[in-house]
Amino acid sequence: MSKDAFALAREAADALRARASVDSFDVALVMGSGWVPAADALGSPVAELTFAELPGFAPPAVEGHAGQVRVLEVSGRRALVFLGRTHLYEGRGVDAVAHPVRTALAAGVGTVVLTNAAGGLRPEHQKVGDPVLIADHLNLSGANPLSGASFLDLTEAYSGRLRALAKEVDPTLSEGVYAALRGPSYETPAEIRMLRTLGADMVGMSTVLETIAARQGGADVLGVSLVTNIAAGLAGEPLDHEEVLAAGRASAGRMGALLATVLGKL
Ligand code: HPA
């Protein structure tokens, strides 16, 4: 992590404030693959910027990631909604991955909601289309947004208070451990068996580095995975990115309503 990364985040935050004519924001949401329809369900934006207009942001490489930031008033909270994220596998480095979260923190946000699409490792009690709260993570990405002697406690990386709030809104929500690999290849069946043995419940290629960056900045994190497929080798079918996006579209209404109600309780 370089000093420059934080200066760039402050520049982007200033650009957001100027465009939205707002001094400070309450909450940021990062919408993962398949979550764009859920963002639409949050309501109409008061301002909308493309990543190209913001310092340090690059257009997303992945289909299903729109590359926009929306400013919304959701349930009385000023929200920054990032449609799309940078993944480590895009090769732009950890600072690019952490940049939206650092920008949000520089813009005053104290709560970060990180969403993603994930493979389900427990088909015995997870269905495609189920949201699962992230209770903890395994960072197997090989990277970390912190460097030097930036020791950081991650005992409660994902806020217990925010998970309890989400469960008040939807008592059927379950919790799980999210394992992040670098990707972009999906896992082999042997890797999936390994992850199950390690105690993971979901697998994906994002979120954990953003969580670490948010915790470093003192923000509370709510993580939600949408199980878009059963992980490799467990369902006897090959994985397909289009399937991931379709699961998002199918669950959009439920996800949008869940997020909006949780925001109202912050
Ligand atoms: N593996 C890794 N990342 C994913 C998956 C998966 O099965 N599904 C959605 N993102």
Side-chain angles (χ1 to χ4, degrees), residues 29-39 60-67 82-92 94 97 100 113-143 158 173-212 222-252 254-255 258-259:
L29 298 93
V30 178
M31 309 308 271
S33 304
W35 280 81
V36 173
V62 185
E63 192 201 337
H65 286 265
F82 295 91
L83 300 185
R85 57 156 54 92
T86 295
H87 298 82
L88 193 63
Y89 60 70
E90 291 170 48
R92 297 181 55 228
V94 277
V97 174
V113 180
L114 299 172
T115 70
N116 62 43
L121 296 171
R122 310 283 167 193
E124 55 283 12
H125 54 84
Q126 289 168 342
K127 293 191 310 294
V128 168
D130 280 353
V132 182
L133 298 173
I134 303 177
D136 205 346
H137 76 216
L138 295 170
N139 177 10
L140 304 174
S141 74
Y158 299 87
L173 284 172
S174 62
E175 296 192 353
V177 173
Y178 175 83
L181 277 67
R182 185 181 187 281
S185 50
Y186 288 118
E187 301 70 36
T188 63
E191 286 164 345
I192 293 301
R193 286 194 296 275
M194 171 188 77
L195 293 172
R196 277 168 58 97
T197 304
L198 293 178
D201 302 298
M202 298 85 80
V203 59
M205 306 172 193
S206 70
T207 306
V208 298
L209 303 178
E210 292 149 82
T211 296
I212 294 168
L222 177 68
V224 192
S225 289
L226 181 66
V227 174
T228 53
N229 58 276
I230 296 307
L234 300 179
E237 286 169 14
L239 303 190
D240 168 11
H241 186 61
E242 182 45 42
E243 175 193 17
V244 168
L245 299 183
R249 285 192 291 271
S251 304
R254 183 180 173 200
M255 298 303 100
L258 170 72
L259 294 177

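Positions are given from 1, in the same order as the sequence printed here. Both ligands and their constituent atoms are indexed starting at 1 by order of listing. Computed from a predicted model, the values in this text were never measured in an experiment.
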Test of understanding: given a 4.0 Å heavy-atom threshold, classify the contact between Ala232 and ligand 1 as side chain, backbone, both, or neither.
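Under 4.0 Å from ligand 1, Ala232 contributes no heavy atoms.
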Closer than 4.0 Å to some heavy atom of [X] - which atoms of ligand 1 meet that?
{"X": "Gly119", "answer": "5 (C), 6 (C), 7 (O), 8 (N), 9 (C)"}
{"X": "Thr228", "answer": "8 (N), 9 (C)"}
{"X": "Asn229", "answer": "5 (C), 6 (C), 7 (O), 8 (N), 9 (C)"}
{"X": "Val203", "answer": "1 (N), 2 (C), 3 (N), 4 (C), 5 (C), 6 (C)"}

Test side-chain contact (heavy atoms from CB on, under 4.5 Å) on Val97 and Glu210; report intermediate values, then the result.
CA-CA 7 Å; Val97 174; Glu210 292 149 82; 4.3 Å; yes
Closest by any non-hydrogen atom to atom 1 (N) of ligand 1: pick that one out of Glu187, His87, Met205.
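Checking each option, the heavy atom nearest atom 1 (N) of ligand 1 is found in Glu187.
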Shortest non-hydrogen separation from Ala200 to Arg122 and the atoms involved
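Closest pair (atom of Ala200, atom of Arg122, distance): O-NH2, 2.8 Å.
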May I ask you to decide whether Arg196 forms a salt bridge with Glu124, counting only side-chain N to carboxylate O separations under 4.0 Å?
yes
Any donor-acceptor pair under 3.5 Å linking the side-chain atoms of Arg92 with those of Thr86?
yes
Would one find an N or O of Tyr186, backbone or side chain, under 3.5 Å from an N or O of ligand 1?
no
Test side-chain contact (heavy atoms from CB on, under 4.5 Å) applied to Arg254 and Leu259, step by step
CA-CA 9 Å; Arg254 183 180 173 200; Leu259 294 177; over 6 Å; no
Looking at atom 3 (N) of ligand 1, what's its closest protein heavy atom, distance included?
Gly204 CA, 3.3 Å
So which protein heavy atom does atom 10 (N) of ligand 1 come closest to, and at what separation?
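The answer is Ala117 O, 3.3 Å.
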Check the pair Thr211 / Tyr158 against side-chain contact (heavy atoms from CB on, under 4.5 Å), numbers first and verdict last.
CA-CA 8 Å; Thr211 296; Tyr158 299 87; 3.0 Å; yes
Identified side chain to side chain contact (heavy atoms under 4.5 Å, CB included) partner of Trp35 from the options Leu226, Val30, Leu29, Leu83:
Leu226
